[in-house]
Amino acid sequence: MAHSLTNKDLLQFLKSLQFSSGLFDRLKVYYRPIICPFVDLIELAKQGEKIGDIGCGSGQFCLLLDHFAKPSYIYGIEITERLVDNAHQLFSKYSKTPYSFEQYNGVEFPAAVSEMDVLFLNDVLHHVPPANQEQFVKDLFYKMKPGARLIVKDIDGSSPLVFFNKLHDTIFAGERGNERSVSEVTMWLEQSGAQIIQSTKKRMYVYPHYTIVASKQ
């Protein structure tokens, strides 16, 4: 029987990396799988796909995809130059896959987004200003090619436990999150013409996650 991927596998792999960025960035790289359903997300990717990560941070999730999902290409965008540099550092040492990372200007999604088979949007939406969130989702979906999938993972704003994520972001990101409910995000995607393939919720410790898988027809 094939070995099922576990959080222990992810943590062992991440802790084996030599990563010379600041302490805070290193801690986020090494320990985020403890509070985020990365195993579930990785299993949504298919071997040989071109995978994009919108808001890729320091490249940690991309490297997990590279190692465990066996894609044909990895692409990430991030608004902060320091984090793009961190991602390049990780991948230059450890990647087994062709890759590219670039800085996103926060206004228009790069053309390469439309070349991806699947795009991940992990815990990014609640950092977008509330007035811009709906358009952000719709613009991203519009940029995708037909047949591509968008996987949105975020914190469920309709859960009472959202308080703990707001506290988390206040301490670690210096901002208060703008979490939306899974029903709101689903509505935006459906208004864009998306087919909702899957919608799930999962609590990890005090964090109420949701994951939506949407396909572009």
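Predicted model, so just to flag it, every value in this text is computed and none were measured.
- Across all non-hydrogen atoms, the minimal contact from C36 to M204 is C-SD, 3.3 Å.
- Hydrophobic clustering (ILVMFWY, side-chain heavy atoms < 4.5 Å, transitive): Y104 and V84 are in distinct clusters.
- Every residue was checked against the salt bridge (Lys or Arg N to Asp or Glu O under 4.0 Å) condition with K50, not counting sequence neighbours, and none meets it.
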Mind running side chain to side chain contact (heavy atoms under 4.5 Å, CB included) on Q89 and Y94 for me, showing each step along the way? CA-CA 9 Å; Q89 179 195 144; Y94 300 108; over 6 Å; no
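- Atom CG in N122 sits 8.0 Å away from atom OG1 in T211 (nearest 0.5 Å).
- For the side-chain hydrogen bond (donor to acceptor under 3.5 Å, both in side chains) test, residues two or more places apart in sequence or in another chain that qualify with Q191 are K138.
- Under the side-chain contact (heavy atoms from CB on, under 4.5 Å) criterion, P160 pairs with no residue, sequence neighbours left out.
- The side chain to side chain donor-acceptor pair (under 3.5 Å) pairs that include a residue from residues 32-46 are R32-D123, D40-K202, where partners are two or more places apart or lie in different chains.
- Scanning both residues, K201 and S158, for their nearest heavy atoms gives NZ-OG, 4.4 Å.
- The cationic group of K216 lies under 6.0 Å from the six-membered ring centre of Y142 and within 45° of the ring axis, placing it in a cation-pi geometry.
- Applying the ring-ring contact (aromatic ring centres under 6.0 Å, His included) test to pairs two or more places apart or on separate chains, those with a residue in residues 189-217 are H168-Y207.
- L17 and V39 fall within a single hydrophobic cluster, where Ile, Leu, Val, Met, Phe, Trp and Tyr side chains are chained together by heavy-atom contacts under 4.5 Å.
- Looking only at distances, a side-chain donor or acceptor of S159 sits under 3.5 Å from a matching main-chain atom of L161.
- Side-chain contact between L150 and I54 is absent, with no heavy atoms from C-beta onward closer than 4.5 Å.
- In terms of heavy atoms, V185 sits closest to V152 at CG1-CG1, 4.3 Å.
- Counting all heavy atoms, side chain and backbone alike, V162 lies closest to G157 at CG2-CA, 4.1 Å.
- With rounding to the nearest 0.5 angstrom, the CG atom of L119 is 10.5 Å from the CD atom of E49.
- Heavy-atom contacts from other residues, nucleotides or ligands closer than 6.0 Å to CD of Q217 number more than 12.
- Residues F109 and F141 place their aromatic rings such that the two centres sit no closer than 6.0 Å.
- Placement of L121 and L63 in two distinct hydrophobic clusters is found when ILVMFWY residues are connected by side-chain heavy-atom separations under 4.5 Å, directly or transitively.
- Among all heavy-atom pairs drawn from G59 and L90, the shortest one is C-CD1, 4.1 Å.
- Note: K70 NZ to I51 CD1 = 11.5 Å, rounded to the nearest 0.5 Å.
- Counting only distance, with no hydrogens or angles, the side chain of K145 and the backbone of S114 share no donor-acceptor pair below 3.5 Å.
- Atoms NE2 and OG, on H88 and S100 in that order, are 6.0 Å from each other to the nearest 0.5 Å.
- Both I212 and W188 belong to a single network of hydrophobic side chains, linked directly or stepwise wherever heavy atoms of I, L, V, M, F, W or Y lie under 4.5 Å apart.
- Take K96 and apply the salt bridge (Lys or Arg N to Asp or Glu O under 4.0 Å) test, not counting sequence neighbours, and it matches no residue.
- The salt bridge (Lys or Arg N to Asp or Glu O under 4.0 Å) search around E184 returns R180, not counting sequence neighbours.
- Not counting sequence neighbours, the partners of Q135 by the side-chain hydrogen bond (donor to acceptor under 3.5 Å, both in side chains) test are D139.
- Take Q12 and apply the side-chain contact (heavy atoms from CB on, under 4.5 Å) test, not counting sequence neighbours, and it matches K8.
- Applying the ring-ring contact (aromatic ring centres under 6.0 Å, His included) test to every pair with at least one member in residues 41-86, sequence neighbours left out, gives these pairs: F13-H67, F13-F68, F38-F61, F61-F120.
- Applying the salt bridge (Lys or Arg N to Asp or Glu O under 4.0 Å) criterion to E78, with sequence neighbours excluded, gives no partner residue.
- Taken together through direct or relayed side-chain contacts under 4.5 Å among Ile, Leu, Val, Met, Phe, Trp and Tyr, I42 and I197 form part of one hydrophobic cluster.
- One N or O on the side chain of D154 and one on the backbone of L125 form a donor-acceptor pair closer than 3.5 Å.
- Summarising the geometry of F101 relative to I74, their closest heavy-atom pair is CZ-CG2, 4.3 Å, with the distance given to 0.1 Å.
- Here the straight-line distance linking atom CD1 of I155 with atom OG of S181 works out to 13.5 Å at 0.5 Å rounding.
- Side chains of I35 and V206 form no contact here, defined as non-hydrogen atoms less than 4.5 Å apart.
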Using the side chain to side chain contact (heavy atoms under 4.5 Å, CB included) rule, take V118 and L44 through it: C-alpha gap first, then chi angles, then the decisive distance, then the call. CA-CA 9 Å; V118 58; L44 291 171; over 6 Å; no
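- No donor-acceptor contact under 3.5 angstrom links the side chains of N178 and Q133, judged on distance only.
- Not counting sequence neighbours, D53 has no partner by the side-chain hydrogen bond (donor to acceptor under 3.5 Å, both in side chains) test.
- One distance of note links CG of N105 with CD1 of I77; it measures 9.0 Å at 0.5 Å rounding.
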